[in-house]
Each structure stands twice: as C-alpha cells, then as structure tokens.
Amino acid sequence: MRYINPGYAELLDVDGGTTIEDATYNPLNGVAFTQPTDNDGVNFGSTVNELYGKFDIYLPPLSDLSTDYFAKVGIFKPGNTNAGFNGVAISKYSSSYINLKAFVCGSSDKTVTNRDVQFNFGSIHHFFFYFKARGESKADGEYFIYMNGIKVMEGKDKWIYMDNASRLVIYAASVAAPISNVILSDSPIDMRERITPVPLGTPVTDMVDRGDGTYLAESAGQQILQTVDVASLITSFGGASQVTGIAVAGNPAYRTAEGLTSLIGISKVNGTQTEHGTKTLRTSTTAGAIDCHAVDITLSEMVGMQLGWKAGV
C-alpha cells in the first residue's frame, strides 16, 4: 500500500476539502489542502501491520487557529473495541500552547507542547512517523514521530491495533494550516523522500478527446497513456537517483453513469503493459482519482515509460 499526494484535496476519497494554490504552504509543488471531516481521507482495502508516513503542514501564528484539533495524519480502524485513530494529531490548547500528540486506538498516548519542542510559527513543519501494530497476543507495538528532522516522541510495548483498518486519515480542518506532500506506506520510506512532478508527453488514447484537456471513456477497456519526460529531472538530480513510488493522477476524474465506475492505473515499459490499482470513481464533478504503487528503479530506468488509466466497470 502506498499513497502519494503533493497537495490536492481532489485526490482524497472524501468531498468537502479545498486545494490552495500558494507556494507559501508548499514551495516544492505549489499546492496544499484542507480536509475538514475528522478521521477521513483515503479508503483502502488491505490489512497492514506497519504504517510509515511523511507530511508537511504550515503552522500559522497561534492567534490564527481555533482551540481544537486541526490536523491528524495516520490510520483509522473501525469497530467497538481496540478501534480508532493511530497517528499524529495537532491541536491548539490555549492562546499560548499547541499540542502535538501521538494517538493509539483513538486515545492520546503522549503529548508534547511548544514548551517542550521548537515550533516555528508562520512556517512549514515536516513530519515523519512510524506506527507498528502489536503482535497476535503481545503488547509489542511501537511508534515514533519526528518533526523537522528531530525525534520528538516515541512509544514501545503498546497495544496498537491496525488489523482491518479501512482508511488513511488525512485531516486538516483549518485553512490557516493546510497539509501537503503526503506519503503513506506499509513499507519503509526514507525521511528524505520528496514528491516531484514528472512532465508528460502527448496522450495516446482511444477515449473521446473533449477538446478542453479532458477525455471521456465510453466503454470498458478504453485507455489513455502518456510518456514521461524525465530528461529535466535527470539533469537536476542525476539518472541514478532512486524512485520509490509512482502516482498517476486524474483531476478531474468522475463517473457520469452507472456503467463505467472505475479507473485502473496502468504503466507500459518496453511494450509490456501492467495494471496496478483500481480506483472507484465518485459522481462529484470536482472529484479526482489517483493510483499509487511502490517501485524500486532509477530515474534513468523511467526513460520511455508510459503511465495512464484504463476504464473499468
């Protein structure tokens, strides 16, 4: 499981968010988002035992925030027992305090404040974290949280339950504190990983070209592919630079009828086409879709790669 989002609310699985195009909040990719529905974000269907995560959040002066939780990133397990949110949460406690919390099974496990660690209000904060579920009958779950490259809290010997988790939580309630550059994975990621957009060539497709940059699929199996242009990235970062994940996004991407309800992420390398994840489409005309998958290749190995979508039922 891997989820990558540079900062678009449309690429979540919940409506109501807002994308903010402003490099103040995300100098790398120029976008950040709010998402005001608590314990929601991205649906997924696999059981995980570990969760690695990265995200950036802009923290304004405390006076610009209301007193409450305004950001959460992690994983949600539904149910009546051993259920709830596991991950990082940030709240404003008073006019003088901000709380950074580690949540385990829906409850705060540890807290640090701006009196304990260095927050730089009016700037972007970079978070990196890891949560590991407990064993079958042993309290050996653990977690750690880094902020701006410094470990700010950790916990061991925890009853962390992540089996049957159904949702990645990416909650950002305040327009003053939007989130960006999200990477969530059940396999290891590096604190130094970054999301970089890749230019794409002219589409090759049997879908209907609507003339405005969008394409319409009329039957299952129709597809659209574009060749990546990594020349500028190789110049900037070097051809041996590691690529750990690929995200294919469509924005907007929605269904207009009941017949075609999904898109399948596809890639094509040296004539061989591979299908990746399937994304169920929403009916909202502002919704988008994103398919993410882990890879272990270099930038040079991406030369000639095609990425795109295939219409599904």
Side-chain angles (χ1 to χ4, degrees), residues 1-15 19 41-48 166-168 182-187 195-230 233 243-299 301-313:
M1 180 273 295
R2 181 167 290 234
Y3 178 76
I4 303 167
N5 188 335
Y8 292 97
E10 295 84 356
L11 302 182
L12 301 170
D13 290 331
V14 56
D15 293 325
T19 298
V42 178
N43 301 324
F44 73 103
S46 59
T47 295
V48 301
S166 61
R167 195 177 307 137
L168 298 173
V182 180
I183 303 175
L184 296 170
S185 176
D186 62 351
S187 59
I195 301 172
T196 303
V198 180
L200 298 173
T202 302
V204 176
T205 183
D206 55 358
M207 295 182 183
V208 177
D209 185 348
R210 302 176 73 182
D212 59 357
T214 64
Y215 294 82
L216 174 68
E218 297 180 307
S219 61
Q222 286 185 302
Q223 62 184 44
I224 182 170
L225 282 165
Q226 292 173 271
T227 302
V228 300
D229 180 3
V230 293
L233 296 180
V243 180
T244 61
I246 292 176
V248 180
N251 188 16
Y254 56 91
R255 61 185 174 90
T256 58
E258 293 302 320
L260 300 177
T261 60
S262 66
L263 286 173
I264 302 164
I266 56 176
S267 63
K268 194 171 185 178
V269 180
N270 297 325
T272 300
Q273 183 163 305
T274 303
E275 296 186 0
H276 301 286
T278 299
K279 196 68 181 178
T280 300
L281 297 174
R282 290 177 281 161
T283 57
S284 170
T285 57
T286 60
I290 189 166
D291 176 64
C292 312
H293 62 276
V295 296
D296 183 13
I297 58 176
T298 64
L299 275 176
E301 290 174 308
M302 289 188 68
V303 173
M305 177 183 290
Q306 293 177 289
L307 300 171
W309 295 100
K310 178 180 175 181
V313 292

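Residue numbers run from 1 in the order of the sequence given. Please read these numbers as outputs of a predicted model, since none were measured by experiment.
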Engineer: Return yes when atom OH of Y8 has more than 12 non-hydrogen atoms of other residues, nucleotides or ligands closer than 6.0 Å, and no otherwise.
Structural biologist: no

Engineer: How long is the straight-line distance from CD1 of I4 back to OG1 of T244, given to the nearest 0.5 Å?
Structural biologist: 6.5 Å

Engineer: So does L307 get a backbone contact from the side chain of Q226, meaning a donor-acceptor N/O pair under 3.5 Å?
Structural biologist: no

Engineer: I need the single residue from H276, H293, Q306 that forms a side chain to side chain donor-acceptor pair (under 3.5 Å) with S267. Which is it?
Structural biologist: H276

Engineer: Tell me whether T19 contacts the main-chain N or O of A9 through its side chain, where contact means a donor paired with an acceptor under 3.5 Å.
Structural biologist: yes

Engineer: When you look at CG of D212, are more than 12 heavy atoms from neighbouring residues, nucleotides or ligands closer to it than 6.0 Å?
Structural biologist: yes

Engineer: What distance separates D206 CG from S219 OG, expressed to the nearest 0.5 Å?
Structural biologist: 7.0 Å

Engineer: Of all heavy-atom pairs between M302 and V230, which one has the smallest distance, and what is that distance?
Structural biologist: CB-CG1, 4.1 Å

Engineer: For residues P199 and P197, report the shortest heavy-atom separation together with the two atoms involved.
Structural biologist: CD-O, 3.9 Å

Engineer: Taking all non-hydrogen atoms of both residues, which atom of T286 and which atom of E10 are closest, and how far apart?
Structural biologist: O-CG, 3.1 Å

Engineer: For the side chain of S262 and the backbone of V313, is there at least one donor-acceptor N/O pair under 3.5 Å apart?
Structural biologist: yes

Engineer: Do R167 and N43 pass the side chain to side chain contact (heavy atoms under 4.5 Å, CB included) test, and can you show the C-alpha distance, the side-chain angles, and the key distance before you say yes or no?
Structural biologist: CA-CA 5 Å; R167 195 177 307 137; N43 301 324; 4.0 Å; yes

Engineer: In the structure I gave you, are the side-chain heavy atoms of L225 and Q273 within less than 4.5 Å of one another anywhere?
Structural biologist: yes

Engineer: Output, in order, the C-alpha distance, side-chain angles, deciding distance and verdict of side chain to side chain contact (heavy atoms under 4.5 Å, CB included) for V295 and E301.
Structural biologist: CA-CA 11 Å; V295 296; E301 290 174 308; over 6 Å; no

Engineer: Can you give me the closest heavy-atom contact between V248 and W309, atom names plus distance?
Structural biologist: O-CZ2, 3.0 Å

Engineer: With rounding to the nearest 0.5 angstrom, report the OG1 to CD1 distance, T278 to I264.
Structural biologist: 4.5 Å

Engineer: Are D229 and V198 close enough that some pair of their side-chain heavy atoms sits under 4.5 Å apart?
Structural biologist: no

Engineer: Output the distance between atom CG (L11) and atom CG (N5), rounded to the nearest 0.5 Å.
Structural biologist: 5.0 Å

Engineer: Considering only NZ, NE, NH1 and NH2 on the basic side and carboxylate oxygens on the acidic side, decide whether D13 and R282 come within less than 4.0 Å.
Structural biologist: no

Engineer: Is there a donor-acceptor contact under 3.5 Å from the side chain of R255 to the main chain of L281?
Structural biologist: yes

Engineer: Report yes or no: does D291 contribute a side-chain atom to a donor-acceptor pair with the main-chain N or O of G277 at less than 3.5 Å?
Structural biologist: yes

Engineer: So which atom in R2 and which in S187 form the shortest heavy-atom distance, rounded to 0.1 Å?
Structural biologist: NH2-OG, 3.9 Å

Engineer: Counting only N and O atoms by type, is there a donor-acceptor contact under 3.5 Å from the side chain of D186 to the main-chain atoms of M1?
Structural biologist: yes

Engineer: Determine the sole option in V243, T196, V228 for which the side chain to side chain contact (heavy atoms under 4.5 Å, CB included) test with L299 is passed.
Structural biologist: V243

Engineer: Measuring from atom OH of Y3 to atom CG of L168, what distance do you get when rounded to the nearest 0.5 angstrom?
Structural biologist: 8.5 Å

Engineer: Sort out for me which residue in Q223, Q222, E275 forms a side chain to side chain donor-acceptor pair (under 3.5 Å) with K310.
Structural biologist: E275

Engineer: Of all the heavy-atom pairs spanning A247 and I290, show the shortest one and how long it is.
Structural biologist: CB-CD1, 3.8 Å

